Amino acid sequence: MDLLILLGKTLLLRPYVFFFLAVALVASSRLLGRRRTVALFGITWLTAFVCEFSSTRIGFPFGDYYYTGSTVGEELYLSNIPFMDSLSFTFLLFASYCLALWLLLPAEPSSEPSCRVLLTRESLSWPVIGLTCLLFMLIDVVIDPAALRGERWFLGRIYGYPDPGVYFGVPLANFAGWFVVGLMAMTVYRALDRQSRRLPAFPDTVPVRDVLLGCGLYYGVLLFNLVMTFWIGEWLLGLTGCLLYVPVTVLAVWKFRGLSASAPSSVCHPRHS
């Protein structure tokens, strides 16, 4: 009963986290199917929790940091880790994966009228995994400095670093840790995918708009954090975050414009088991 009460308090305290999670689960179920969604999100959450547990004790892989415990009793903690924190890694990695698929995989017209699809035979290739991890790390470059100033908005002061880092107070080791977590989770997911009968076969093609739903989630989280950054008056930090995303956004829009010029967006919906 206490666990359910704390979970309810967490939902009320962090509704934006659960909103992003809900969007991610819907998008992932459409794109990957239920079993693959459970596998990817479960692997990612467990990897993130173990790495946070490790880093708050021995400094690996994120470097040395600590949780203040200021919201104990107000939200659910697992050991010393706020549940919502490790949970956030799941939808951020999924969204990064969708954006990597969008940027790297080719697209072509479907046999169905007015339908565009992405060819997904290389959906878990190392280039896709590598770009997923880079995008996963990049979004934390925007998120972490804003979260570090959480006492100035509704997140609250939930964590800190013993030694302030060079990037707006965040150590560079933290960003490297995000890449490591992404790489570990995607590698385990890829290994599970390669084992016969462990997961349903990934379809050869997926509708473009199912991938774009995940890309929209990525930019939704990005926009949320940039708005918070500007709202608290951190203009240099906010502008730096905007500039970091210029190349990625230009590439993403360029591909979208190219597909839109040749055919309408996807309207087909293959089913997954």
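Just so you know, these numbers come straight off a predicted model, no measurement behind them. Note that the numbering runs from 1 along the sequence shown for the chain.
In this structure the side chain of Asp144 reaches within 4.5 angstrom of the side chain of Phe175, judged on heavy atoms. Side-chain contact check for Thr71 versus Arg14: some heavy-atom pair is nearer than 4.5 Å. In this structure, the side chains of Thr120 and Leu101 stay at 4.5 Å or more apart for every pair of heavy atoms. Between Leu31 and Cys98, some side-chain heavy-atom pair lies under the 4.5 Å cut-off. Side chains of Val117 and Glu108 form a contact here, defined as non-hydrogen atoms less than 4.5 Å apart. Counting heavy atoms from C-beta on, the side chains of Phe91 and Val221 come closer than 4.5 Å. By the 4.5 Å heavy-atom criterion applied to side chains, Glu74 and Leu6 are not counted as neighbours. Using a 4.5 Å heavy-atom threshold, the side chains of Asp64 and Asp163 count as separate.
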- Between Arg57 and Ser79, is a side-chain hydrogen bond (donor to acceptor under 3.5 Å, both in side chains) present by the stated rule, with each step listed? CA-CA 12 Å; Arg57 286 159 176 79; Ser79 184; 3.2 Å; yes
- Query: side-chain contact (heavy atoms from CB on, under 4.5 Å) between Trp231 and Arg152: does it pass, once the steps are laid out?
  - Reply: CA-CA 9 Å; Trp231 185 50; Arg152 294 162 59 185; over 6 Å; no
- Message: Let's go through Trp45 and Phe49 carefully: what are the C-alpha distance in whole Å and the side-chain angles of both, what is the deciding distance for ring-ring contact (aromatic ring centres under 6.0 Å, His included) to 0.1 Å, and is it a yes or a no?
- Response: CA-CA 6 Å; Trp45 176 81; Phe49 175 77; 5.6 Å; yes
- Message: Run the side-chain contact (heavy atoms from CB on, under 4.5 Å) test on Tyr161 and Leu148 for me, step by step, so that the C-alpha distance in whole Å, both residues' side-chain angles and the decisive distance to 0.1 Å come before the verdict.
- Response: CA-CA 9 Å; Tyr161 297 98; Leu148 188 61; 3.9 Å; yes
- Any chance you could lay out the side-chain contact (heavy atoms from CB on, under 4.5 Å) test for Asn80 and Phe53, step after step, and finish with the verdict? CA-CA 8 Å; Asn80 62 313; Phe53 188 88; 4.2 Å; yes
- Take Phe62 and Asn174 through the side-chain contact (heavy atoms from CB on, under 4.5 Å) test and state the conclusion after the steps. CA-CA 4 Å; Phe62 298 108; Asn174 174 74; 3.9 Å; yes
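For the side chain to side chain contact (heavy atoms under 4.5 Å, CB included) test with Met186, the passing option among Ile129, Val181, Val128, Thr47 is Ile129; the others fail. Applying the ring-ring contact (aromatic ring centres under 6.0 Å, His included) test between Phe224 and each of Phe19, Tyr218, Phe20 identifies Phe20 as the sole match.
Nearest heavy-atom pair across Gly214 and Ala95 is O-CB, 3.7 Å. Of all heavy-atom pairs spanning Phe179 and Met137, the tightest one is CB-SD, 4.1 Å. The two residues Cys51 and Met184 have their closest heavy-atom pair at SG-SD, 4.1 Å. In terms of heavy-atom proximity, Gly182 sits nearest to Cys133 at C-SG, 3.4 Å. Closest approach of Pro164 and Pro162 over heavy atoms only: CD-O, 3.8 Å. What you find for Trp102 and Cys215 is that their closest heavy atoms are CB-SG, 3.7 Å.
Ser28 places no side-chain N or O within donor-acceptor distance of the main-chain N or O of Leu25, the cut-off being under 3.5 Å. Side-chain N or O atoms of Thr229 include none that pairs as donor or acceptor with a backbone N or O of Glu234 at under 3.5 Å. The closest donor-acceptor contact from the side chain of Arg190 to the backbone of Leu124 lies under 3.5 Å. Under the 3.5 Å distance criterion, the side-chain polar atoms of Thr205 are left unmatched by any main-chain donor or acceptor of Leu118. Between the side chain of Arg30 and the main chain of Val211, no donor-acceptor pair closer than 3.5 Å is present. A donor-acceptor pair under 3.5 Å is absent between the side-chain atoms of Asp140 and the main chain of Phe136, judged by distance alone. In terms of modelled atom types and a separation under 3.5 Å, the side chain of Thr132 and the main chain of Leu93 share no donor-acceptor contact. The main-chain N or O of Arg198 is found under 3.5 Å from a side-chain atom of Arg35 such that the two form a donor-acceptor pair.
Residues Tyr67 and Tyr65 place their aromatic rings such that the two centres sit under 6.0 Å apart.
Here the CG atom belonging to Leu105 is positioned 8.0 Å from the CD atom belonging to Glu122, to the nearest 0.5 angstrom. Here the straight-line distance linking atom CG of Leu12 with atom CG of Leu7 works out to 10.0 Å at 0.5 Å rounding. Between the CZ atom of Phe89 and the CD1 atom of Ile43 there is a distance of 16.0 Å, given to the nearest 0.5 Å. To the nearest 0.5 angstrom, Thr10 atom OG1 is 11.5 Å from Ile5 atom CD1. Atom-to-atom distance recorded for Met84:CE and Phe18:CZ is 9.5 Å, nearest 0.5 angstrom. The distance from the CG atom of Leu239 to the CG atom of Leu244 is 11.0 Å, given to the nearest 0.5 Å.
With hydrophobic clusters built from ILVMFWY side chains whose heavy atoms lie under 4.5 angstrom apart, Tyr245 shares a cluster with Leu236. Val38 and Val188 are not part of a single hydrophobic cluster, where members link through side-chain heavy atoms under 4.5 Å apart. Residues Val166 and Trp178 share a hydrophobic cluster, clusters being chains of Ile/Leu/Val/Met/Phe/Trp/Tyr side chains in contact below 4.5 Å. Clustering ILVMFWY residues whenever any of their side-chain heavy atoms sit less than 4.5 angstrom apart, transitively, puts Leu134 in the very cluster that holds Leu104. Note on Val26: it does not cluster hydrophobically with Leu212, by side-chain heavy-atom contacts below 4.5 Å among ILVMFWY residues.
A side-chain N or O of Thr249 and one of Tyr219 form a donor-acceptor pair less than 3.5 Å apart.
More than 12 heavy-atom neighbours from other residues, nucleotides or ligands sit within 6.0 angstrom of CH2 on Trp153.
Ring orientation note: the planes of Trp235 and Phe230 are tilted relative to one another, at an angle of 30° to 60°. Between Phe41 and Phe94, the ring planes are tilted. Angles from 30° to 60° get that label.
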